[in-house]
Amino acid sequence: TSTAVYHFRWYDMVNATLPCAPLQTTPVSSPTSVYEAMQKFLNLINSDQLIQVLLHCDRHSQVLDKWLIAVVFEYFQRARILVHTYSREKFFIALYLAIEFEEDEDRKVKDVLFDFILHHDT
C-alpha cells in the first residue's frame, strides 16, 4: 500500500472560514510575520510524521479538516506561540481545543482523536 503525503498550502487555510470575533484585542501583526508563522505551521503539518499519519488515517475528515487546521493556526496566533516553538504537542492540544469549542458532535470526534493518539507513539 502506498502512503499518501498530505500537503497543506496557505490558500487551503485562507479558504477555510473562521469565526470573525477575536477573543481579545491584539496588536495587528505585519503580513510578513503572519506569512512566516503560516509557513512554519504548514511546515510542521507537512513534516511531522504523526500528523501525517493522522491525515492519512482520517480520509473522510472525521477528525481533521481544512477548517479545523485553520482554527488550530488561529489558536496558535491568539496564544502568541513563538514560531520557533511550534510543536506536535502544541498542535494536538490546539486541535483538541478546536474540537471542544468548535465542533457540534465533539464527543465522537474526541473519541477518535484519543484513540488515534493512544495507539501511536508520540
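Since the model is a prediction, treat every value here as computed from it, not as a measurement. Note: hydrogens, waters and symmetry copies are ignored here, and every other heavy atom, side chains too, is used.
- One distance of note links OG1 of Thr85 with NZ of Lys40; it measures 9.0 Å at 0.5 Å rounding.
- For the atom pair Leu42 CG and Ile45 CD1, the distance stands at 5.5 Å (nearest 0.5 Å).
- For the atom pair Asn46 CG and Gln39 CD, the distance stands at 9.5 Å (nearest 0.5 Å).
- Looking only at side-chain heavy atoms (C-beta outward), Phe41 and Ile69 come within less than 4.5 Å of each other.
- In this pair, Tyr86 and Phe76 present their aromatic rings perpendicular. The plane angle is above 60°, beyond the 30 to 60° band.
- Side-chain contact between Leu50 and Phe92 is present, with at least one heavy-atom pair separated by less than 4.5 Å.
- Here the closest heavy-atom approach between residue Gln49 and residue Arg88 is recorded as N-NH2, 4.5 Å.
- Between Leu64 and Val72 there is no side-chain heavy-atom pair separated by less than 4.5 Å.
- Proximity of Leu44 to Phe91: side-chain heavy atoms (C-beta onward) are separated by under 4.5 Å at one or more points.
- Side chains of Lys90 and Ile81 form a contact here, defined as non-hydrogen atoms less than 4.5 Å apart.
- Side-chain atoms of Gln52 and Leu55, non-hydrogen and from C-beta on, do get closer than 4.5 Å to each other.
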